[in-house]
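Comments concern the structure below.
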Amino acid sequence: MFQELNRGTPALPTPRAYRELTPLKRREMREGLLFISPWLIGFLVFTLLPILASLAFSFMNMKITDGILSPPKFVGLDNYIQMAKDPQIWSIGGGTRGSLWITVLFGAISLPVGLMLPLFIALLMNSRHLKGKMAFRSAFYMPYIIPFVAAVFLWGGMLNPESGWINRALVAVGVPRDMTPNWANDVNWVYPTYVIMGIWAIGNAMLIFLAGLQGVPTDLYDAAKVDGANGWHSFWKITFPMISPVIFYNLVLGVVFLFQYFTVPLVVNQGTGRPGGATMFFNLYLYKTFFTFQNMSYGAAMAWLLFFLILVVTIILFRTARHWVYYAGDGKS
Amino acid sequence: MRNKRLLTVIGLLLIGSMLLAACGGGATPAPAAPAATEAPAATEPPAATEAPAAEPTATEEAMAEPTATEEAMAEPTEEVAAEPEATLTAEEQAAVASAAAAEAMAAAEASGKTAIRWFVGLGTGTDPQQIEAQQAVVDAFNASQDQIQLVLEVVPYDAGRDTLATQIASGAGPDIIGPVGWGGSNAFYGQWLDLTQYIEDTGFDTSVFDPALVDSYQTEEGQVGLPFAVFPAATYYIPAMFDEVGLEYPPQNYGDKYMLDGEEVDWNWDTFTEVAKRMTIDVNGFNSTEDGFDPTQIVQVGYSPQWQTHPNYVSSYVAGSADIVDGDAKGSYSVNMPDSWKEAVQWAYDGMYGDQPWMATGPMSGAPEFGNGNLFNTGHAAMAVTPLWYTCCLGDLRDSGTEFQAGILPMGADGVVHGRVDADTFRVWKGTKHPAEAFAVLSYLITDGGDTLLPNYGALPAIPDKQEAFFAKKSEDYPFITPETWEVFKAGLSYPDAPSAEQWQPNWNEAWAREQTFWDLIQNTAPDALDFDAEWQKMIDDLNVIYNK
């Protein structure tokens with residue numbers, strides 16, 4: 001596909017070819033480069049250069065406060081070797097888990113919820129029995145427009161153990177006050193709390209699912225009905241395969257988002273890892289290594305680890321996709 | 001038809017829940033740092049002994065190191081917060097301050113003077129009233145001579161560390177930094193100038209200080225600081241609570257015994273624990289040692305380890321300070337926390353989650369009715385052990401009509417009192433282009449300038465001759481405090497933690513953060529979900545890795 005697209009795209013000519021161009025072509029080319037230069041320069045300076053710099057930093061012993069007093073030295077793979085045995089990244093058991101395990105553990109809860117709930121709501125929204133679909137869709141999508149940090153603060157207020165209305169409601173229905181959850185301050189409740197906060201932002205995923213659902217040909221359902229299929233069979237045998245590319249898309253996005261999970265623990269628990277280190281997600285640990293612990297080189301190495309982790313998981317997902325994702329136009333799964 | 005109704009109802013319920021989510025309870029922000037070690041109120045001034053680097057947010061840092069500044073300072077803070085500058089983020093305010101300082105430096109140099117920049121933002125000194133006092137000191141210094149032009153740069157506490165790190169990284173660090181405590185200094189370990197040569201060259205008289213305090217600024221890099229403000233620790237207590245249960249007050253002279261059940265006993269941590277248990281009361285009026293005591297409904301605890309946010313503090317007080325770092329270079333560093341430190345933390349853990357608790361757990365002390373961590377200030381704790389700077393933050397207690405006093409610190413199992421002396425001072429950046437001039441400024445700030453600065457910082461002068469004025473001022477704030485209490489604090493200066501509980505560790509910021517995570521974990525986790533030994537070992541293992549990063 002990309003090869004086909006590229007076939008029609010002229011590459012930059014060699015110096016010799018450039019000399020052979022007509023003056024008009026040369027001028028067009030110069031002007032083209034001129035027009036694209038703002039983006040090109042921006043990309044080089046603000047994207048490519050920092051990426052390359054971070055790669056270079058990861059092989060050095062650079063700490064920001066060393067400053068001019070102690071120039072960075074090349075240390076080879078030291079940071080990567082150190083990182084490979086850093087329990088704060090890899091540790092699995094106990095109360096103070098490694099940041100990567102924390103991320104995975106949270107993902108085990110948040111990913112299924114983040115996929116199934118919007119799918120469920122999208123199914124409801126797609127029902128032909130539902131009146132006022134537009135209003136419902138707008139209402140469900142609306143929270144997605146709210147800045148996420150504002151939403152996190154708002155949820156923090158609702159889930160405040162003392163003054164939040166959720167605990168007050170629990171007390172009102174008879175839950176003893178000392179039995180109400182301590183939400184974001186409790187090592188056992190903090191992940192469910194974050195998941196609940198995440199529900200706020202399901203509007204986008206719901207909309208994508210809805211688009212997928214509306215693309216399923218209705219004659220398939222009619223045929224299934226004639227064959228005696230019930231609702232579950234229709235969903236499992238028709239709906240799910242037909243929207244599997246959309247599920248896959250949301251899954252990949254969800255995994256990428258999971259590895260980059262940052263804002264909520266930063267805002268709700270001030271990026272401290274509280275309670276008891278339970279919210280020291282990998283991306284947060286990376287951030288702290290950079291900017292709080294001032295260890296730029298180690299942080300850069302962690303950033304590259306994050307990149308490779310996301311890459312590997314995404315590749316694995318794409319590999320598994322051929323077994324369960326159905327692309328109708330391909331004639332193959 | 002039924003399906004249609006059902007779907008409509010479900011849809012309405014879902015949308016209703018979303019609307020409730022949008023409208024309900026939003027006024028209250030997320031619980032600012034959950035743990036027992038939560039910050040004091042937002043109006044409280046920043047730390048006297050700067051906060052641990054592991055805690056980037058303002059609230060946490062303020063909590064970790066409550067300020068030495070006076071309660072009174074909180075009031076102007078609120079007023080000024082409403083000014084236009086407050087609409088800028090801390091980083092933006094820092095950028096504005098730095099730009100203004102750079103301009104002033106350029107002007108000073110253009111006039112032929114040596115420009116010296118004084119950076120404030122790692123601890124106390126950022127309140128409007130303090131800024132005014134600092135500017136007055138700067139003006140007085142500049143008027144006193146014609147060689148040096150001192151320029152003040154005040155950066156919001158929230159942005160202080162990042163700003164300083166960035167300045168140092170770019171080779172544009174300030175000449176003088178402070179006030180800064182042990183923790184903040186260790187966050188920038190290796191950046192401080194050895195003052196030895198300048199002390200000798202100028203004949204600066206260090207004999208005005210307690211030699212032990214001067215020595216405490218001696219590192220392998222030399223004499224990297226001089227004493228300025230000190231904060232000895234003591235046992236704060238509420239006499240009325242002792243009266244109510246018929247217990248003697250903690251002694252007020254080091255060496256005195258305590259009378260418990262008609263017997264004279266040492267005022268040690270065992271005695272302290274017993275007293276704390278008897279003063280931990282549940283909603284039914286039972287104390288922790290009595291049958292029927294309900295640990296889930298405690299209304300008053302016997303002890304609050306006020307702002308002891310790290311195991312290092314707890315262990316220093318109970319087991320004694322220790323040099324916890326072995327090794328002398330990256331790759332060779334290892335943790336050397338003595339077993340007694342672990343036992344001390346276990347003791348505190350039992351105090352929270354044991355059969356007869358006498359300390360607040362994390363969730364309890366983080367609750368609003370217990371002051372969001374500022375527990376003693378709420379009048380729900382009979383005793384607290386913490387340095388003198390805590391007198392900054394007891395306005396609520398005073399205003400509620402509750403009096404407090406201070407007694408001596410308990411002695412450890414070895415029969416020795418293990419105290420703490422927090423300290424703030426000024427440092428000279430090693431990269432300064434004008435070290436001699438910077439030292440001249442530093443000398444001024446810790447002597448003559450200190451007369452103006454110390455009262456505004458709410459700090460006890462390190463120079464003994466100047467201490468009476470400090471206590472006179474404190475007595476105005478707390479008229480009920482007896483002279484004996486102030487004597488307890490003075491006597492506490494003889495029990496410094498050497499090395500400090502906030503001593504240097506390799507990669508201090510991260511190590512300090514890891515230690516706090518451990519403390520936070522045990523505060524917030526009951527024994528059925530926590531293997532204390534394993535978690536302690538995990539902290540040690542993590543520190544060994546962190547030290548050698």
Side-chain angles (χ1 to χ4, degrees), chain A residues 64-70 82 85-88 91 94-96 121 124 127 129-131 136 139-140 143 152-166 178 182-188 200 267-277 280 288-289 291-295 298, chain B residues 3-4 7-8 10-11 14-15 18 21-22 24-35 53-57 59-60 162 165-166 168-171 173 188 191 296-297 362-363 366-368 430-431 507 509-510 513 517-518 520-521 524-525 529-531 534-535 538-539 541-542 545 549:
Chain A
I64 190 167
T65 46
D66 288 347
I68 56 167
L69 303 177
S70 171
Q82 189 78 47
K85 52 188 182 184
D86 187 346
Q88 292 196 102
S91 175
T96 318
I121 295 172
L124 290 177
S127 169
H129 302 297
L130 183 68
K131 295 285 183 194
F136 279 119
F140 279 115
V152 168
F153 271 116
L154 194 145
W155 275 100
M158 289 190 300
L159 293 168
N160 186 299
E162 299 301 320
S163 56
W165 66 259
I166 293 180
D178 61 312
N182 206 12
W183 300 112
N185 307 335
D186 186 316
V187 286
N188 299 310
W200 179 269
V267 175
V268 176
N269 293 96
Q270 289 81 46
T272 58
R274 286 184 177 134
M280 189 54 75
K288 289 190 69 106
T289 299
F291 298 107
T292 304
F293 308 149
Q294 301 163 357
N295 194 340
Y298 198 76
Chain B
N3 282 346
K4 189 176 164 186
L7 285 169
T8 308
I10 292 174
L14 284 169
I15 206 167
M18 287 291 191
T28 314
E55 321 290 294
T57 68
T59 45
E60 290 169 3
D162 289 352
T166 308
I168 289 175
S170 62
F188 292 92
Q191 297 295 329
T296 66
Q297 299 202 65
K430 195 191 267 182
N507 289 315
N509 285 327
E510 189 170 2
T517 295
F518 171 77
D520 188 63
L521 179 73
N524 288 285
T525 315
L530 183 96
D531 181 340
E535 287 304 326
K538 189 175 275 188
M539 178 186 71
D541 293 344
D542 286 357
V545 172
K549 272 184 183 173

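Here the structure is a predicted model, which means the values were calculated and not measured. Just the heavy atoms: all of them, side chains too, but no hydrogens, waters or symmetry mates, feed the values below. Labels below follow one simple rule: chain letters A, B, ... track the order of the sequence lines, proteins then strands, and each chain is numbered from 1.
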Fill in the blank from the handout: Heavy-atom nearest pair, N524(B) first then N185(A), reads OD1-O, 3.7 Å
Practice task
Pick one of side chain, backbone, both or neither for D542(B), based on which atoms fall under 4.5 Å of a heavy atom in chain A.
Solution key: both
Exercise for the section: Indicate yes or no: at least one non-hydrogen side-chain atom of K288(A) is less than 4.5 angstrom from one of N509(B). Expected result: no
Practice task
Using the test side-chain contact (heavy atoms from CB on, under 4.5 Å), find all partners of T525(B) that sit at least two apart in sequence or belong to another chain.
Solution key: V187(A), L521(B), A529(B), L530(B)
Practice task
State, to 0.1 Å, how close D162(B) and F291(A) come at their nearest heavy-atom pair, and which atoms those are.
Solution key: OD1-O, 3.4 Å
Fill in the blank from the handout: Of the listed V545(B), T517(B), T296(B), D531(B), the one with the largest count of heavy-atom pairs under 4.5 Å with chain A is V545(B)
Exercise for the section: Under the salt bridge (charged side-chain N to carboxylate O under 4.0 Å, His left out) rule, collect the residues that match up with K538(B), sequence neighbours excluded. Expected result: none
Handout entry: From CD (E510(B)) to CD (Q88(A)), nearest 0.5 Å
Key = 5.0 Å
